Student: 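Let me begin by handing over the structure; questions about it come next.
By convention in this document, chain letters (A, B, ...) are assigned in the order of the sequence lines, proteins followed by strands, and residues within each chain are numbered from 1. Computed from a predicted structure; not experimentally measured.
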There are 2 protein chains.
Amino acid sequence: MDAAAIREKLEATGLRCTPQRYTVMSFLMAHHDHPTAAEIFAAVNTADPRLSRATTYNNLRDLVEAGLVREVATEGRAARYDATGEQHHHFICDRCGKMEDIPWHPVPSPTANALGKRVVRECELIIRGLCTQCAPHRRTTPKPPTSKPSNHRSHN
Amino acid sequence: MDAAAIREKLEATGLRCTPQRYTVMSFLMAHHDHPTAAEIFAAVNTADPRLSRATTYNNLRDLVEAGLVREVATEGRAARYDATGEQHHHFICDRCGKMEDIPWHPVPSPTANALGKRVVRECELIIRGLCTQCAPHRRTTPKPPTSKPSNHRSHN
DNA sequence: ATGCCAACTTAGATTATGTCTAAGGTGAGA
DNA sequence: TCTCACCTTAGACATAATCTAAGTTGGCAT
Ligand SMILES: [Mn+2]
Ligand SMILES: [Mn+2]
Ligand SMILES: [Zn+2]
Ligand SMILES: [Zn+2]
């Protein structure tokens with residue numbers, strides 16, 4: 001994807017296309033290995049030191065809010081634990097961050113073709129949406145749940 | 001599950017059933033809301049202050065290693081980012097922690113019955129096992145990948 | 001053109017979470 | 001009874017993320 005396309009993508013969501021923001025977005029689109037904020041900062045800042053650490057975090061947050069980027073494999077900063085009883089799937093609420101158990105049902109593994117030489121141990125489903133608490137509020141007060149997760153940005 | 005059963009569970013894996021460890025395990029088995037280490041510490045320590053913060057973390061690590069407990073929704077401490085292109089699933093390597101994209105294929109959503117009033121937005125698969133790099137080593141040098149994730153405990 | 005102001009960037013302080021260290025306690029078995 | 005591996009602990013340390021307060025930029029109204 002070329003520079004103009006990225007600029008458009010950003011501006012379509014109401015974000016200014018600053019050099020810092022452009023570089024972060026561009027880096028993410030060029031690297032499919034799910035880099036961390038620290039990795040992005042290190043790589044980009046080395047090539048062009050016009051990007052600070054705080055701005056890396058700020059921009060990642062903006063891009064996630066804008067839906068151009070997503071955060072994977074973690075919801076909130078702290079690890080969460082689960083006494084391993086029966087196998088089950090998980091539901092994570094977009095609004096309040098709650099993680100709930102969903103009864104197990106087997107899911108189809110990808111084709112051997114898609115997996116290559118990888119060895120599969122388990123296949124679990126992460127379902128995202130609104131929990132029973134939050135679903136009714138969908139069209140009314142969609143504000144965060146008073147405390148815990150999903151920190152939204154006010155910027156200053 | 002009664003006290004004796006928990007004690008047996010622990011001792012079957014070679015772990016002593018100390019008051020601290022028993023309480024952590026028992027708490028986890030009684031609470032299905034995926035508590036964090038901090039939450040477990042706060043709850044248990046308030047009821048009976050014989051549990052320290054370090055021991056909470058030590059015991060959670062021991063229980064995870066023993067397979068009695070699992071850590072969910074995070075692999076490593078830092079958030080990882082993904083420019084949202086096409087929808088895809090993820091493969092996470094048990095050995096080196098690498099997170100790789102797996103081509104999308106639709107997965108069956110749980111029954112409406114299992115979901116209740118929850119509103120589903122997306123359904124993604126987390127596949128765990130050994131990546132192509134790590135799979136060949138399965139029966140040979142199974143040592144960790146030099147750095148990054150999967151910290152194992154030596155205890156002292 | 002000029003000035004304004006919200007959007008943006010920044011260094012550094014602060015908070016949150018997790019790990020390590022060094023010291024001491026405990027108990028199963030010789 | 002002695003011993004030693006297993007366990008617990010306070011507090012120091014490390015890392016990831018967020019906040020703060022100040023400065024910069026640039027689109028736009030005048
Ligand atoms: Mn669960
Ligand atoms: Mn991905
Ligand atoms: Zn919710
Ligand atoms: Zn691997």
Student: Rounding to a whole Å, what distance do you find between B:L51:CG and C:dG25:P?
Tutor: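 Taking CG of B:L51 and P of C:dG25, I get 19 Å after rounding.
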Student: Heavy atoms from C-beta onward define the side chain here; which of D:dT9, C:dG27, C:dC8 lies closest to that of A:L15?
Tutor: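 Selected nucleotide: C:dC8.
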Student: Rounded to whole angstrom units, what separation is found between the CZ atom of A:R80 and the C1' atom of C:dG18?
Tutor: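 For the pair A:R80 CZ and C:dG18 C1', the rounded distance is 15 Å.
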Student: Quick one: is D:dC7 close enough that its OP1 or OP2 comes under 4.0 Å of any side-chain N or O from B:R21?
Tutor: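 Yes.
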Student: Looking only at side-chain atoms of B:A54, point me to the closest of D:dT25, D:dC19, D:dA10.
Tutor: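 Ranking D:dT25, D:dC19, D:dA10 by closest atom to the B:A54 side chain puts D:dA10 first.
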Student: Look at the side-chain N and O atoms of B:R53 and state whether any lies under 4.0 Å from the OP1 or OP2 oxygen of D:dG11.
Tutor: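 No, no such contact exists.
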Student: What pairs with A:N45 under side-chain contact (heavy atoms from CB on, under 4.5 Å), at least two apart in sequence or on another chain?
Tutor: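 With neighbours one apart ignored, the set is A:F41, A:P49.
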Student: Between C:dG18, C:dA6, C:dC20, spot the one nearest the side chain of A:A79, thanks.
Tutor: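 Ranking C:dG18, C:dA6, C:dC20 by closest atom to the A:A79 side chain puts C:dG18 first.
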Student: Measure the distance from CZ on B:R61 to C1' on C:dT17 and round it to the nearest whole Å.
Tutor: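 After rounding, the reported distance stands at 14 Å.
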Student: What is the distance, to the nearest angstrom, from the CG atom on B:N45 to the C1' atom on D:dA10?
Tutor: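 These atoms are roughly 13 Å apart.
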Student: Which whole-number value in Å describes the distance from B:E11 CD to D:dC6 P?
Tutor: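 Interatomic distance, CD of B:E11 to P of D:dC6: 14 Å.
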Student: When you measure from the side chain of A:R95 to the backbone N and O of A:L130, does any donor-acceptor pair fall under 3.5 Å?
Tutor: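 No, A:R95 side chain to A:L130 backbone: no donor-acceptor pair under 3.5 Å.
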Student: Just the rounded figure in Å: distance from C1' of D:dG27 to CZ of A:R7.
Tutor: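 In whole Å, D:dG27 C1' and A:R7 CZ are 13 Å from each other.
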Student: Within the pair B:T18 and D:dC6, is there a side-chain N or O less than 4.0 Å away from OP1 or OP2?
Tutor: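 False: B:T18 side-chain N/O out of range (4.0 Å or more) of D:dC6 OP1/OP2.
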Student: Taking for each residue the nucleotide of DNA chain D with the nearest heavy atom, is it A:A37 or B:R50 whose nucleotide lies nearer the 5' end?
Tutor: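 With A:A37 and B:R50 compared, the 5'-side residue is B:R50.
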Student: Judged by modelled atom types alone, do A:H32 and B:D101 share a side-chain donor-acceptor pair under 3.5 Å?
Tutor: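 Judged by distance alone, the side chains do not pair up.
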Student: Is A:Y57 close enough to D:dA17 that one of its side-chain N or O atoms is under 4.0 Å from OP1 or OP2 there?
Tutor: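 So the side chain of A:Y57 is within the cut-off, an N or O lying under 4.0 Å from OP1 or OP2 of D:dA17.
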Student: How close or far is atom P of C:dT17 from atom CD1 of B:I40, stated in whole angstroms?
Tutor: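 It is 13 Å, rounded to the nearest whole Å.
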Student: Look only at the side chain of B:R21 and the backbone of B:R16, and say whether a donor-acceptor pair between them is shorter than 3.5 Å.
Tutor: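 At least one qualifying donor-acceptor pair exists.
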Student: Keeping A:Q20 on the side-chain end and A:S52 on the backbone end, is there a donor-acceptor pair under 3.5 Å?
Tutor: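 Looks like no, no N/O pair under 3.5 Å.
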Student: Between D:dT9, C:dG27, D:dC19, which nucleotide has the shortest distance from any of its atoms to the side chain of B:N58?
Tutor: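 The listed nucleotide nearest to B:N58's side chain is D:dT9.
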Student: How many Å lie between CD on A:E65 and C1' on C:dC8, as a whole number?
Tutor: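 The answer, rounded to whole Å, is 14 Å.
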Student: In terms of side-chain heavy atoms of A:N59, which of C:dT9, D:dC7, C:dC20 is nearest?
Tutor: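 Side chain of A:N59 sits closest to C:dT9.
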Student: Starting at the 5' end of DNA chain D and moving along, which residue's nearest nucleotide shows up first, B:R16 or B:Y81?
Tutor: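 By nearest-heavy-atom nucleotide position, the 5'-most residue is B:R16.
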Student: Please state whether the phosphate of C:dT9, meaning OP1 or OP2, lies under 4.0 angstrom from any side-chain nitrogen or oxygen of A:S52.
Tutor: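 For C:dT9, neither OP1 nor OP2 has a side-chain N or O of A:S52 closer than 4.0 Å.
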